[in-house]
S.K.: 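Provided herewith is a single structure, encoded as structure tokens, for subsequent inquiry.
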Amino acid sequence: MKIRRVTMADLAAIMLIERENFSPKEAASPQAMRRRLDLSPETQLVIEEETSQTLLGYVSSLPCPTDRLTDDLFDATSIVPEAPYLAVLSLSILSDCQGQGLGSLLLAALKEVALEQGRRGITLTCHETLVTYYEANGFVDSGYSQSNHGGSSWIDMLWQA
């Protein structure tokens, strides 16, 4: 497995995985994904099978001024590059590859990016069913989120550097 930064050439494969794992209301649009890559290319990572270069999953994040992800970040058109946190907007793995630890590898790589950039931590929201997964990856449950992205209820999670 190889983890690297996302390129524009990855966009179609990322969108297939995004649509496979998120409801139509929750899934990012191709335009939003493209903007994220334009705004903060160093915080967009993919994991691929090295020999075939098949994209297996990705994590998309943006700099965030607070330790809570806010809904405006999902369609951000600008960021504060030096913001103290990263906010995970999508973490998604091909359904055939789930349960193999690829998401945990991407989170570990994103933590390294956060540390290299001097961030205080990483914030994200997840459905209640994923709280234990993120806790196993070092995130702390911060309670119910004010986010209603996609019409869903979410839990705030925080990893502190």
S.K.: Report yes if some heavy atom in the side chain of Gln31 is under 4.5 Å from a heavy atom in the side chain of Asp75; otherwise report no.
M.R.: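 Answer no - side chains too far apart.
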S.K.: For Ser40, give me all partners under side chain to side chain contact (heavy atoms under 4.5 Å, CB included), at least two apart in sequence or on another chain.
M.R.: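 Only Glu42, Thr43, Gln44, Leu62, Pro63, Ile79 meet the side chain to side chain contact (heavy atoms under 4.5 Å, CB included) criterion with Ser40.
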S.K.: With the side chain counted from C-beta on, respond yes when Phe139 and Ile122 share a heavy-atom pair under 4.5 Å apart, and no when they do not.
M.R.: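 A side-chain contact exists here, since the closest heavy-atom pair is under 4.5 Å.
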S.K.: Measure the spacing between CE of Met8 and CD1 of Ile14 and express it to the nearest 0.5 Å.
M.R.: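 Those atoms lie 9.5 Å apart.
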S.K.: In Å, rounded to the nearest 0.5 Å, how long is the span from CG of Leu110 to CG of Leu91?
M.R.: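 Separation between the atoms: 9.0 Å.
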S.K.: Is Leu158 reachable from Leu69 through a run of I, L, V, M, F, W or Y residues, each pair having side-chain heavy atoms under 4.5 Å apart?
M.R.: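 Looking at the clustering, Leu158 is in a separate group from Leu69.
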S.K.: Begin with the C-alpha distance, continue with both residues' side-chain angles, and end with the deciding distance and a verdict on side chain to side chain contact (heavy atoms under 4.5 Å, CB included) for Val59 and Val88.
M.R.: CA-CA 7 Å; Val59 62; Val88 173; 3.9 Å; yes
S.K.: Identify the heavy atoms of Ser90 and Tyr58 that sit nearest to each other, and give their distance.
M.R.: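 So the minimum-distance heavy-atom pair works out to CB-CE1, 3.5 Å.
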S.K.: Would you kindly say whether Ser104 and Asn137 are connected by a side-chain donor-acceptor distance under 3.5 Å?
M.R.: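 Asn137 and Ser104 do have a side-chain donor-acceptor pair below 3.5 Å.
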S.K.: Quiz question: by atom type and distance under 3.5 Å, do the side chains of Ser92 and Glu18 form a donor-acceptor pair?
M.R.: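 Result is no, nothing qualifies.
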S.K.: Are Ile3 and Ile93 grouped together when hydrophobic residues (ILVMFWY) are joined by side-chain heavy atoms under 4.5 angstrom apart?
M.R.: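 Yes: a chain of side-chain contacts under 4.5 Å links Ile3 to Ile93.
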S.K.: For Pro30, what residues pass the side chain to side chain contact (heavy atoms under 4.5 Å, CB included) criterion, not counting sequence neighbours?
M.R.: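 With neighbours one apart ignored, the set is Met15, Arg19.
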S.K.: Identify whether Phe22 and Tyr133 are in the same connected component of the hydrophobic contact network (ILVMFWY, side-chain heavy atoms under 4.5 Å).
M.R.: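 Yes; tracing contacts between hydrophobic side chains, which count when under 4.5 Å, links both residues.
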S.K.: Check whether the side chains of Ser52 and Glu49 place a donor and an acceptor atom closer than 3.5 Å, and report yes or no.
M.R.: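 Yes, because at least one side-chain N or O of Ser52 sits under 3.5 Å from a partner of the opposite role on Glu49.
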S.K.: Is there a side-chain contact between Trp159 and Arg120 (heavy atoms, below 4.5 Å)?
M.R.: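 Trp159 does not reach Arg120 side chain to side chain.
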S.K.: Out of curiosity, Asp141 CG to Glu128 CD, how far, rounded to the nearest 0.5 Å?
M.R.: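 It comes to 8.5 Å.
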S.K.: Can you hop from Leu107 to Met1 via hydrophobic side chains spaced under 4.5 Å?
M.R.: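 In one cluster with Leu107: Met1, yes.
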S.K.: Evaluate whether atom CG of Asp96 has more than 12 neighbouring non-hydrogen atoms of other residues, nucleotides or ligands under 6.0 angstrom away.
M.R.: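 Count not over threshold, so no.
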S.K.: In Å, rounded to the nearest 0.5 Å, how long is the span from CD of Glu112 to CG of Leu45?
M.R.: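 Rounded to the nearest 0.5 Å, the CD-CG separation comes to 9.5 Å.
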S.K.: Is the closest basic N to carboxylate O distance between Arg4 and Asp10 below 4.0 Å?
M.R.: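 Judged by the 4.0 Å cut-off on N to carboxylate O distance, Arg4 and Asp10 do form a salt bridge.
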S.K.: Looking only at heavy atoms, which two atoms of Leu106 and Gly57 are closest? And how far apart?
M.R.: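 Looks like CD1-C, 3.9 Å.
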S.K.: May I have the step-by-step check of side chain to side chain contact (heavy atoms under 4.5 Å, CB included) for Val80 and Glu82, ending in yes or no?
M.R.: CA-CA 6 Å; Val80 177; Glu82 65 278 0; 3.3 Å; yes
S.K.: For a 4.5 angstrom cut-off between non-hydrogen side-chain atoms, does Met157 reach Val140?
M.R.: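 Heavy-atom side-chain distance check fails, nothing below 4.5 Å.
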S.K.: Take Gln146 and Asp71, measure what side chain to side chain donor-acceptor pair (under 3.5 Å) needs, and give me the verdict at the end.
M.R.: CA-CA 9 Å; Gln146 292 185 12; Asp71 286 347; over 6 Å; no
S.K.: Under a 4.5 Å cut-off applied to non-hydrogen side-chain atoms, are Trp154 and Glu26 in contact?
M.R.: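 They are in side-chain contact.
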S.K.: List the steps and the verdict of side chain to side chain contact (heavy atoms under 4.5 Å, CB included) for Arg68 and Thr125.
M.R.: CA-CA 8 Å; Arg68 297 283 192 274; Thr125 58; over 6 Å; no
S.K.: Assigning hydrophobic clusters by single linkage (Ile, Leu, Val, Met, Phe, Trp, Tyr; side-chain heavy-atom cutoff under 4.5 Å), is Leu94 placed with Met33?
M.R.: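 Per the 4.5 Å side-chain linkage, Leu94 and Met33 are co-clustered.
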S.K.: Looking at residues at least two apart in the chain, or sitting in another chain, which of them share a ring pair (Phe, Tyr, Trp, His ring centres under 6.0 Å) with Tyr85?
M.R.: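 Listed in chain order: nothing, the list is empty.
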S.K.: A quick test of your reading: do over 12 heavy atoms of other residues, nucleotides or ligands sit less than 6.0 Å from CZ of Arg35?
M.R.: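 Yes, CZ of Arg35 has more than 12 neighbouring heavy atoms, counting only those of other groups under 6.0 Å.
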S.K.: Using a distance-only test with no angle check, is there a side-chain donor-acceptor pair under 3.5 angstrom linking Asp156 and Ser142?
M.R.: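 No - no donor-acceptor pair under 3.5 Å links their side chains.
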S.K.: Measure the OH-CG distance between Tyr134 and Leu124 for me, rounded to the nearest 0.5 Å.
M.R.: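 Spacing of OH (Tyr134) from CG (Leu124) equals 5.5 Å.
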S.K.: How far apart are the closest heavy atoms of Arg5 and Val46, and which atoms are they?
M.R.: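 Taking every non-hydrogen atom into account, O-CG2, 4.3 Å.
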S.K.: Are the side chains of Ile155 and Ser145 in contact, using a 4.5 Å heavy-atom criterion?
M.R.: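 Sidechains of Ile155 and Ser145: no contact.
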S.K.: To the closest 0.5 Å, what do you measure between OG (Ser61) and CG (Leu89)?
M.R.: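 That separation rounds to 7.0 Å.
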